[in-house]
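What follows is a set of notes on a single structure, which appears directly below.
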Amino acid sequence: MSARGRQTAVAPWRFYLVAGALGVLLLLVLGRMLSLQVLNTDRGREFLQSQGDMRAVRTAEIPAYRGLITDRRGEPLAVSTPVISIWADPVQLAESGRLPELATALEMPLSELEDKLERYAGKRFMYLARHRVPARARVVLGHRIPGVYGEREYQRYYPAGEVAGQVVGFTNVDGAGIAGLELAYDEWLRGIPGKKQYIKDLHGDAVRDIGVLEPARPGRDLKLSVDLRLQYLQHRELQRAVAQTAADSGTIVTLDAHTGEVLAMVNHPVYNPNSRKGYKPGHTRNRAMTDEYEPGSTVKPLTLVAALESGRYTTETLVDTSPGRIRVGRKVLPDPRNYGEITVSRILEKSSQVGVTKIALDIGREPVWNVFQRLGIGEPPGTGFPGERAGLLPNRTRWAKIEEVNLAFGYGLTTTPLQLARAYAAFANDGVLPPVSLLAIDDGALPPGRRVMSSDIADKVLMMLNRVTGDNGTARRARVPGFEVGGKTGTVHQVGAQGYIDDKYRALFAGVAPAENPRIVTVVVLNGPKGDAYGGGSAAAPVFARVAQGALRLLNVPPQAPGADSRIAAADGRRGGAA
């Protein structure tokens, strides 16, 4: 028999030994598995699960929806739209070898992508594109390039664009408010992100969601006092006025005469918060609240409040303004012509420097200063808007006579357009200074104002403001067909490095409408108007007229019937009889 044909017999005990050893090992493995996963000896089950989770389970943030900002009628001013941001793991992306394909999909130069990848070499995260429209983002992600991922976010969109941009403000790329009301109410608007768990595969791709750990909590909505219809109207009229007068900048602000709510607030220059490429930081400034100006003759009505309160003057008290100029110290203050002996009411009607000067010198500086302070000059309006200014109301221990006189007709102090509008609201609100609000005030929740003058004096000032827009006043171009209105012009020399500039002006107009039962207060400011129409009566007053006419129509205020009794006519009649 050959060796190939021989078979070696295996001893039975060896077979049983090997089989027994394998059986024991199997029992040990099964026992250990039973111990760890069923009996949970030494908390083995938790250990294994945690180790598995560490390798496969991840926690992701659920983005929260930022609150909606609307106007008083519910029209959206700021909304959050879903977008997708594309990011990459630089290590995985570098190993993929598909950079040209990715650059094409991203519509990005290959050299730019390579430079970016080099800057993030060794790191595990970098953004490739932020806030892509979902359809465009899916095109990139559809290439399934290793190391390239997408995450859902929200991007702020502003339907009114430049029309309300300086009031609403804007957010940064991460969705945090950095300007305007977006910044002021950031904590109110921003939501609280949630958390969810998911399982990833060996390639890092999410394969299954496990569940939500914490649901996202959306931000709260914000309802503004602004009426978008009036905002559009004022924006159009301001752009028109700037174009016609070649002004450098401008502002219009309109308040509800009784509640103090800001119904519209526009500025020039403008910017588009939806596309900030090439914009200048100064264009984002809400000049109505952040820029301070010398108000000039627009505060003469405040000076006359002090005169009426002194008891030394009535609206019909005669003041001799001859010979049409007056010397105070080394300064000569002229009127356009010699008005002779005129009433206090006509002093305002003609904006007589001589008349106001004589009254100011007679009653003294303290009463005038007190009225200005009571009407909010020198104190912030309290809206909470970022950068809101208080203006300047000087309070010296020693005053020169010319300083006292300058204060009386609007030089040597500063206000913002909003402060000036609020001061005029006291005339329109029976002598009560209303708090200013950028948020809509619910019916029945009107915060109390502060009485700053008697109702009788407020009526008298309204009557005088109405005469300013009459046939003999300086603001004839502020008149609105079908309505009695009142207001005051102001033409102020701008200040330069060497003092006042002779040929550079600021045109202002502050007015109320209708005069007989005021609904709105509007202030118009044009900085640096050019040409012959640079004054408050020729440049700013016509803008007020157009804005007031449109605003009263939008607010459904019926025109006054010809010959109808009015608050102004009645008040004028009472005082005429008394005089």
Side-chain angles (χ1 to χ4, degrees), residues 161-167 169 179-180 231-254 264-273 276-299 385 387-389 391-392 410-421 475 477-478 487-511 522-547:
E162 66 181 27
V163 174
Q166 289 148 333
V167 176
Q231 187 80 6
Y232 271 107
L233 168 69
Q234 286 195 176
H235 173 76
R236 181 191 69 208
E237 293 302 336
L238 181 58
Q239 302 309 310
R240 173 182 173 182
V242 168
Q244 288 178 341
T245 64
D248 301 323
S249 61
T251 295
I252 308 176
V253 57
T254 295
M265 183 182 285
V266 298
N267 303 276
H268 179 88
V270 296
Y271 80 104
N272 185 356
R276 288 166 241 164
K277 293 181 179 179
Y279 83 96
K280 298 179 180 179
H283 292 183
T284 67
R285 192 168 73 244
N286 187 358
R287 298 170 183 268
M289 305 181 74
T290 64
D291 286 17
E292 302 174 355
Y293 311 116
E294 286 182 315
S297 295
T298 57
V299 297
F385 192 89
E388 176 185 74
R389 303 297 294 272
L392 173 65
Y411 280 86
L413 72 155
T414 61
T415 68
T416 66
L418 180 62
Q419 283 181 302
L420 186 59
R477 298 184 65 183
K488 185 66 188 75
T489 59
T491 306
V492 184
H493 286 282
Q494 293 197 40
V495 180
Q498 305 299 323
Y500 292 106
I501 305 173
D502 290 337
D503 59 350
K504 195 166 186 179
Y505 300 91
R506 180 172 294 112
L508 304 98
F509 186 86
T522 296
V523 168
V524 178
V525 180
L526 294 174
N527 296 306
K530 313 298 189 301
D532 295 333
Y534 62 81
S538 56
V543 183
F544 167 84
R546 294 192 295 267
V547 168

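Residues: numbered from 1 along the sequence shown.
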Evaluate the side-chain proximity of Thr251 to Leu238: yes if any heavy-atom separation is below 4.5 Å, no if none is.
no
Heavy-atom check, side chain of His283 versus side chain of Ser249, under 4.5 Å:
no
Side chains of Val524 and Val547, heavy atoms from C-beta outward: is any pair under 4.5 Å?
no
Report yes if the side chains of Pro295 and Leu413 come closer than 4.5 Å at any heavy-atom pair, otherwise no.
yes
Among residues at least two apart in sequence or on other chains, which ones pass side-chain contact (heavy atoms from CB on, under 4.5 Å) with Glu294?
Tyr411, Thr414, Val492, Val495, Tyr500
Do His493 and Tyr505 have side chains that get closer than 4.5 Å, going by heavy atoms?
yes
Side-chain atoms of residues 529-544: list all donor-acceptor pairs with protein atoms under 3.5 Å, sequence neighbours left out, distances to 0.1 Å.
{"from": "Lys530", "atom 1": "NZ", "to": "Ala246", "atom 2": "O", "distance (Å)": "2.9"}
{"from": "Lys530", "atom 1": "NZ", "to": "Asp248", "atom 2": "OD1", "distance (Å)": "3.0"}
{"from": "Lys530", "atom 1": "NZ", "to": "Gly528", "atom 2": "O", "distance (Å)": "2.7"}
{"from": "Ser538", "atom 1": "OG", "to": "Gly535", "atom 2": "N", "distance (Å)": "3.3"}
{"from": "Ser538", "atom 1": "OG", "to": "Gly535", "atom 2": "O", "distance (Å)": "3.4"}

Heavy-atom pair of closest approach, residues Pro273 and Gly169
CB-O, 4.3 Å
Please answer whether the main-chain N or O of Val163 pairs with a side-chain N or O of Gln231 as donor and acceptor at a distance below 3.5 Å.
yes
Donor-acceptor pair, side chain of Gln166 and main chain of Tyr271, under 3.5 angstrom:
no
Apply the side chain to side chain contact (heavy atoms under 4.5 Å, CB included) test between Arg389 and each candidate in Thr415, Asp291, Leu418, Thr416; give the one that qualifies.
Thr416
Minimal non-hydrogen separation, Leu526 against Ala247, with atom names
CB-CB, 4.4 Å
Take Gln419 and Glu292 through the side chain to side chain contact (heavy atoms under 4.5 Å, CB included) test and state the conclusion after the steps.
CA-CA 9 Å; Gln419 283 181 302; Glu292 302 174 355; 5.7 Å; no
dist Glu162:CD -> Thr284:OG1 (nearest 0.5 Å) comes out at 14.0 Å
Is there side-chain contact between Leu508 and Val523, with heavy atoms separated by less than 4.5 Å?
no
Could you check whether any side-chain heavy atom of Asn267 comes within less than 4.5 Å of a side-chain heavy atom of Val167, counting everything from C-beta outward?
no
Those residues at least two apart in sequence (or on a different chain) that pass salt bridge (Lys or Arg N to Asp or Glu O under 4.0 Å) with Glu237 are Arg240, Arg546
CZ of Arg506 to CG of Asn527: how many Å apart, nearest 0.5 Å?
4.5 Å
